[in-house]
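One structure below.
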Amino acid sequence: MWELELGKRCFFVLMLFSSLSLTPRCTAKFPWLEQISRQEELTLGCDNLGLSGRRILDVSQLNHILVDHRHKLLYCYVPKVACTNWKRVMMVLTGESNATNLVNIPATIAHSNSSTIRLSDLPLADIKWILNNYTLFLIARHPFERLLSAYRNKFTENITSSKYFQTRYGKHIIKKYRPTATVDELDSGANVSFPEFVKFLLNEGVNTNEHWAPIYDLCLPCTLNYSFIGHYETLSQDAKTILDMVEAPHLIFPVTRAGHTRDRLREYFQQLSIFNIEHLYKKYLPDFKLFGYGLEDLLGYDLA
């Protein structure tokens with residue numbers, strides 16, 4: 001069965017640790033204690049939002065899950081949550097690359113469809129067995145931080161991938177949401193403002209591209225049984241824990257956060273009305289509730 005009972009693996013670990021008297025100092029040595037909290041939050045969030053068991057999967061919905069048969073590892077990649085580096089890791093684990101310094105693997109190769117097997121490429125019988133026997137993980141990130149990272153990367157940076165997004169989405173956004181647009185602006189699709197981007201999402205949907213689609217839709221956390229839920233904020237520790245779980249060879253996970261997106265959340269979201277922030281929050285409500293994020297840092301209070 002694909003629709004597995006969430007938290008069953010975590011329950012055993014919870015019972016084990018609850019029988020021990022762990023001091024705070026000792027607790028720091030057991031990253032699984034934090035994992036128990038995340039798993040409980042996910043399970044309760046799925047139940048409270050009425051999302052548990054609502055999906056009937058088809059194979060195409062598993063195209064974000066990458067497979068490492070060597071270590072029986074499954075990774076659901078989420079764009080703008082260190083997925084380039086995780087794809088590099090998967091290439092090394094599967095033997096597709098022998099790079100010792102992961103950042104030497106070009107991003108274009110890491111993101112190519114041939115870099116790693118996708119679960120959706122496999123026969124149905126294999127998929128069912130793998131989902132029941134492999135370690136499955138994802139990495140979550142604050143929904144608004146991830147959204148801002150996608151906006152800045154795709155609409156404000158002068159790189160090849162940005163040119164595609166400016167042509168594919170920027171022209172449409174400017175035409176529809178900038179009444180005073182000049183001919184040059186309409187032709188280039190560059191310099192989409194953050195409020196214009198948000199209006200596009202609110203009116204035309206957050207699933208228009210994987211880079212800003214909710215994790216709930218990409219990874220199906222209320223349907224599949226995740227062995228480990230990582231957080232972007234604890235990426236280094238979580239990466240080490242995941243690789244240790246599957247007895248992977250020693251790898252130095254590259255953590256690169258040059259954009260300082262979190263530091264600029266207030267700057268960008270102050271450009272939005274509270275009405276639009278509330279509606280955007282509702283669009284990403286499952287990601288907020290399932291992974292334990294809120295708006296206190298951004299607004300000074302959370303939304304009910």
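For the single chain, residues carry numbers from 1 onward in sequence order. These figures come from a predicted structure and were not determined experimentally.
Heavy atoms only, all atoms of each residue included: Arg146 and Leu218 are closest at NH2-CD1, 3.7 Å. Taking each heavy atom of Gln166 and Glu157 in turn, the nearest pair found is NE2-O, 3.8 Å.
Glu196 meets the side chain to side chain donor-acceptor pair (under 3.5 Å) test with Arg178, Ser193; sequence neighbours excluded. Residues passing the ring pair (Phe, Tyr, Trp, His ring centres under 6.0 Å) test with Tyr169 are Phe165, Trp212, sequence neighbours excluded. Partners of His111 according to the side chain to side chain donor-acceptor pair (under 3.5 Å) rule, which considers only residues two or more places apart in sequence or in another chain, are Thr84, Lys87. By the disulfide bond (SG atoms under 2.5 Å apart) test, Cys76 is found to be paired with Cys219, residues two or more places apart in sequence or in another chain being considered. Partners of Glu204 according to the salt bridge (Lys or Arg N to Asp or Glu O under 4.0 Å) rule, which considers only residues two or more places apart in sequence or in another chain, are Lys176.
A donor atom on one side chain and an acceptor atom on the other are found under 3.5 Å apart for Glu210 and His64. Side-chain atoms of Thr241 and Gln237 form a donor-acceptor pair, as typed in the model, at a separation below 3.5 Å. In this model, a donor atom of one side chain and an acceptor atom of the other lie less than 3.5 Å apart for His71 and Asp68. Residues Ser162 and Arg152 bring no donor and acceptor atom of their side chains to less than 3.5 Å of each other.
At distances below 3.5 Å, not a single donor-acceptor pair connects side-chain atoms of Asp217 with backbone N or O atoms of Ala213. Under the 3.5 Å distance criterion, the side-chain polar atoms of Asp238 are matched with a main-chain donor or acceptor of His231. Remark: side-chain polar atoms of Asn153 are not paired, donor with acceptor, to backbone N or O of Ser149 under 3.5 angstrom. Checked by atom type and distance alone, the side chain of Ser52 never pairs as donor or acceptor with a backbone atom of Cys222 at under 3.5 Å.
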*asked:* Quick one, Arg262 with Glu233, criterion side-chain contact (heavy atoms from CB on, under 4.5 Å). Give me CA distance, side-chain angles, the key distance, then yes/no.
replied: CA-CA 10 Å; Arg262 174 171 285 271; Glu233 297 77 15; 3.5 Å; yes

*Could you give me the CA-CA distance, side-chain angles and deciding distance for Asp184 and Thr182, then say whether side-chain hydrogen bond (donor to acceptor under 3.5 Å, both in side chains) is met?*
CA-CA 5 Å; Asp184 289 342; Thr182 65; 5.3 Å; no

*Please assess Leu186 against Lys171 for the test side-chain contact (heavy atoms from CB on, under 4.5 Å), listing each intermediate value before the final yes or no.*
CA-CA 6 Å; Leu186 291 170; Lys171 289 183 178 181; over 6 Å; no

*Evaluate the side-chain contact (heavy atoms from CB on, under 4.5 Å) criterion for residues Gln39 and Ile229: first the C-alpha distance (whole Å), next the side-chain angles of each, then the deciding distance (0.1 Å), finally the verdict.*
CA-CA 7 Å; Gln39 293 278 2; Ile229 306 295; 4.2 Å; yes

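Using a 4.5 Å cut-off on side-chain heavy atoms (C-beta onward), Leu93 and Tyr75 make no contact. Residues Leu201 and Lys283 form no side-chain contact, since every pair of their non-hydrogen atoms from C-beta on lies 4.5 Å or further apart. In this structure, Lys80 and Thr261 have side chains that are not in contact, with every pair of non-hydrogen atoms separated by 4.5 Å or more. The shortest distance between side-chain heavy atoms of Val198 and Ile277 does not fall below 4.5 Å. A 4.5 Å side-chain heavy-atom check between Gln61 and Leu220 finds at least one atom pair inside the cut-off. Residues Leu136 and Asn225 have side chains not in contact (no heavy-atom distance under 4.5 Å, counting atoms from C-beta outward). A 4.5 Å side-chain heavy-atom check between Lys289 and Leu49 finds at least one atom pair inside the cut-off. With contacts defined as side-chain heavy-atom distances shorter than 4.5 Å, the pair Tyr134/His69 qualifies.
The six-membered or imidazole ring of Tyr151 lies near that of Phe194, with a centre-to-centre distance under 6.0 Å.
Residue Phe137 is tested with Trp86, Tyr226, Phe228 for a ring pair (Phe, Tyr, Trp, His ring centres under 6.0 Å); the sole match is Trp86.
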Without placing hydrogens or testing angles, list every side-chain donor-acceptor pair under 3.5 Å for residues 115-125, not counting sequence neighbours.
unit_1	atom_1	unit_2	atom_2	d
Ser115	OG	Ala110	O	3.0
Ser115	OG	Ser112	O	3.0
Arg118	NH1	Asn63	O	2.7
Arg118	NH1	Tyr77	OH	3.0
Arg118	NH2	Asn113	OD1	3.2
Asp121	OD2	Arg118	N	3.4

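The distance from atom CD1 of Ile127 to atom CG of Leu74, rounded to the nearest 0.5 Å, is 10.5 Å. Rounding to the nearest 0.5 angstrom, the gap separating the CZ atom in Arg38 from the OG1 atom in Thr43 is 14.0 Å.
Ring geometry, Phe269 versus Phe144: the interplanar angle falls under 30°, so the pair is classed parallel (tilted spans 30 to 60°).
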